[in-house]
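Every chain is numbered from 1 and lettered A, B, ... according to where its sequence line falls, protein lines coming before strand lines. None of these values were measured; they are calculated from a predicted model.
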Number of protein chains: 2
Amino acid sequence: MSDRRRPHTGRRRNEAARRAILDVAVDLLARDDGAPVTIDSLAAAAGVGKQTIYRWWPSKGAVLLEAMAERAGADIAVPDTGTLHGDLEAFLTATFRGAGRRLTASVLRNTMAEAQRDPHAREHMRTFVESRRSVLSGLLGRARDRGEIAVGADLALMVDQVYGVLWYRVLVGHEPLGDAQAAELARALSDQAAARLGGGGR
Amino acid sequence: MSDRRRPHTGRRRNEAARRAILDVAVDLLARDDGAPVTIDSLAAAAGVGKQTIYRWWPSKGAVLLEAMAERAGADIAVPDTGTLHGDLEAFLTATFRGAGRRLTASVLRNTMAEAQRDPHAREHMRTFVESRRSVLSGLLGRARDRGEIAVGADLALMVDQVYGVLWYRVLVGHEPLGDAQAAELARALSDQAAARLGGGGR
DNA sequence: TAGTTGTCGAGACCTTGTGTCTCGACAAGT
DNA sequence: ACTTGTCGAGACACAAGGTCTCGACAACTA
């Protein structure tokens, strides 16, 4: 039997096509003209056959989520100012500034909607969200180690107070998302942490 | 000219059909089997022709949003315990308890996704969100009048910390949403308010 | 009571979008 | 040279949103 693992033969995956697909996906998602991103437009804009997309991704949502996750938060540095408030303000400013831009917000809105329908996209979203949360969670953890946050505090909830506000405003669009809001929220969360520390618990 | 406003003639709108459509819409949205609600299934389940739906609503999303908004938050009482923390805990417990139920969460997820695609649904969502926010905003405003929240505090941001956490967890599903989380967030927000009051600003 | 108007359920129909299948061309390996 | 698997292109099947038409009939007017 030649059943043993055969070494790979045949043409390999075209990396240029992969990059073109992911890049074009972000571009199309960023158009906030309301027109949803279709597979046909994606394939056409990337100069690629539809089958090339479905050969490597299980669904449209999976492509969009991978494209989004690759970009979002790529350039958010983890600050180290020495204080909780300083770190929070720096991190939130960079994060809100990124998510608040019209085109980026459009990408986020579209992908979150996609994640509600496509199971593959949903799984990608969970992974992406977890990766972003862990960064902020680490920042808060270090503050707790420095004694700036009570040991019993619910860090996961604090993280969600940040990303909750962000996503909620991105999705509904009832309030802006910029430097002022980042500063205000950073202040609110450090106050919250300080209160729990000093007060003792009520 | 018989150009003057002619009194209405002809058969009137069937109220029973309207109710059946809205009721069935919520039922279908509540199925969290991932299957999206289709117009055909909605019409069939309501025992109604498709045209009857499109005669009264501009799009599928508009129906779904109206059905959701009619239900969500209908039984959330506005508490009056006399303290910010008491009011918050009561309100958040009721709210999180409602949104955290599997079926209700499914409705919220589906409608928020719909609101990202359908402009009519989006408008309904804005209105709905505003109505819910105003209730909580009123609660906070009364606390501020009592001197429990600083005059300069950003009430809108506090409101969004609540609904942000709620929607974020409903949409992503990475953390639960129940009494414990409501209590923790109520505590966090009252601490936040108290810190701003006493501390003065840092 | 007779006539008019507009809604009703039902379903054919058009359009758009997802995902599959097939084709000939060709690139990377043996 | 030969095999294998990817490539772009496009036909295809299928599902869903929304429009149009039909005969039935209910509510109103005269």
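- Taking atom CG of residue A:Leu42 and atom P of nucleotide D:dG8, one finds them 12 Å apart after rounding to whole Å.
- The list of salt bridge (charged side-chain N to carboxylate O under 4.0 Å, His left out) pairs with a residue in residues 99-109 of chain B, not counting sequence neighbours, reads B:Asp32-B:Arg102.
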Under 3.5 Å, which donor-acceptor pairs link side chains of residues 161-171 of chain A to any protein atom two or more places apart or in another chain?
| from | atom 1 | to | atom 2 | distance (Å) |
| --- | --- | --- | --- | --- |
| A:Gln161 | OE1 | A:Gln192 | NE2 | 3.2 |
| A:Gln161 | NE2 | A:Gln192 | OE1 | 3.2 |
| A:Gln161 | NE2 | B:Gln161 | OE1 | 2.7 |
| A:Tyr163 | OH | A:Arg132 | O | 3.4 |
| A:Arg169 | NE | B:Asp160 | OD2 | 2.6 |
| A:Arg169 | NH1 | A:Pro176 | O | 3.3 |
| A:Arg169 | NH2 | B:Asp160 | OD2 | 3.0 |

Could you pull out the protein-nucleic contacts involving nucleotides 22-24 of chain C (nitrogen or oxygen on both sides, under 3.5 Å)?
none

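- Atom CZ in B:Arg18 sits roughly 16 Å away from atom C1' in C:dT7 (whole-Å rounding).
- A:Val107 has its side chain out of reach of A:Arg71: every pair of non-hydrogen atoms, C-beta onward, lies at least 4.5 Å apart.
- In terms of phosphate contacts, B:Trp56 brings a side-chain nitrogen or oxygen within less than 4.0 Å of OP1 or OP2 of C:dC8.
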- Task: Mind running side-chain contact (heavy atoms from CB on, under 4.5 Å) on B:Met125 and B:Met68 for me, showing each step along the way?
- Result: CA-CA 9 Å; B:Met125 178 59 85; B:Met68 180 276 286; 4.0 Å; yes
Could you write out each protein N or O paired with an N or O of nucleotides 14-17 of chain D at a distance under 3.5 Å?
| from | atom 1 | to | atom 2 | distance (Å) |
| --- | --- | --- | --- | --- |
| D:dG17 | OP1 | B:Val37 | O | 3.4 |
| D:dG17 | OP1 | B:Lys60 | NZ | 2.5 |
| D:dG17 | OP2 | B:Ile39 | N | 2.9 |

- Stepwise salt bridge (charged side-chain N to carboxylate O under 4.0 Å, His left out) test for A:Arg187 and B:Asp154: CA-CA 11 Å; A:Arg187 161 64 51 209; B:Asp154 188 340; over 6 Å; no
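- Distance, B:Arg55 CZ to D:dA26 P: 16 Å, rounded to whole Å.
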- Step by step, would you call B:Asp179 with B:Thr93 a side-chain hydrogen bond (donor to acceptor under 3.5 Å, both in side chains)? CA-CA 5 Å; B:Asp179 291 4; B:Thr93 298; 5.1 Å; no
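- Taking the ring axis of B:Trp56 as reference, the NZ or CZ atom of B:Arg12 does not stay both within 45° of it and closer than 6.0 Å to the ring centre.
- Between A:Arg13 and the phosphate of D:dG5, there is no side-chain N or O to OP1/OP2 separation shorter than 4.0 Å.
- Distance A:Ile53 CD1 to D:dT6 C1': 14 Å, rounded to the nearest Å.
- With a 6.0 Å radius and a threshold of 12 heavy atoms from other residues, nucleotides or ligands, B:Glu148 has its CD atom above the threshold.
- Close to D:dC28, at under 4.0 Å from its OP1 or OP2, lies a side-chain N or O of B:Arg12.
- Residues B:Ser134 and B:Ser137 have side chains that never bring a donor and an acceptor to within less than 3.5 angstrom of each other.
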- Task: Toss me the dot-bracket line for DNA chain D: Watson-Crick and G-U wobble, both under 3.5 Å, 5' to 3', using | for pairs to another strand and [ ] for crossers.
- Result: ||||||||||||||||||||||||||||||
- List the steps, then state whether salt bridge (charged side-chain N to carboxylate O under 4.0 Å, His left out) holds for A:Arg18 with A:Glu15. CA-CA 5 Å; A:Arg18 194 186 91 93; A:Glu15 186 58 24; 3.0 Å; yes
- Task: Mind running salt bridge (charged side-chain N to carboxylate O under 4.0 Å, His left out) on B:Glu70 and B:Arg19 for me, showing each step along the way?
- Result: CA-CA 11 Å; B:Glu70 198 186 58; B:Arg19 276 257 52 84; 2.8 Å; yes
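- A heavy atom closer than 4.0 Å to some atom of DNA chain C occurs in no member of residues 106-124 of chain B.
- Distances shorter than 4.0 Å separate some side-chain N or O of A:Thr52 from OP1 or OP2 on D:dG8.
- A 4.5 Å side-chain heavy-atom check between B:Asp33 and B:Ser106 finds every atom pair outside the cut-off.
- Annotation: the span from B:Met158 atom CE to B:Arg144 atom CZ amounts to 10.5 Å, rounded to 0.5 Å.
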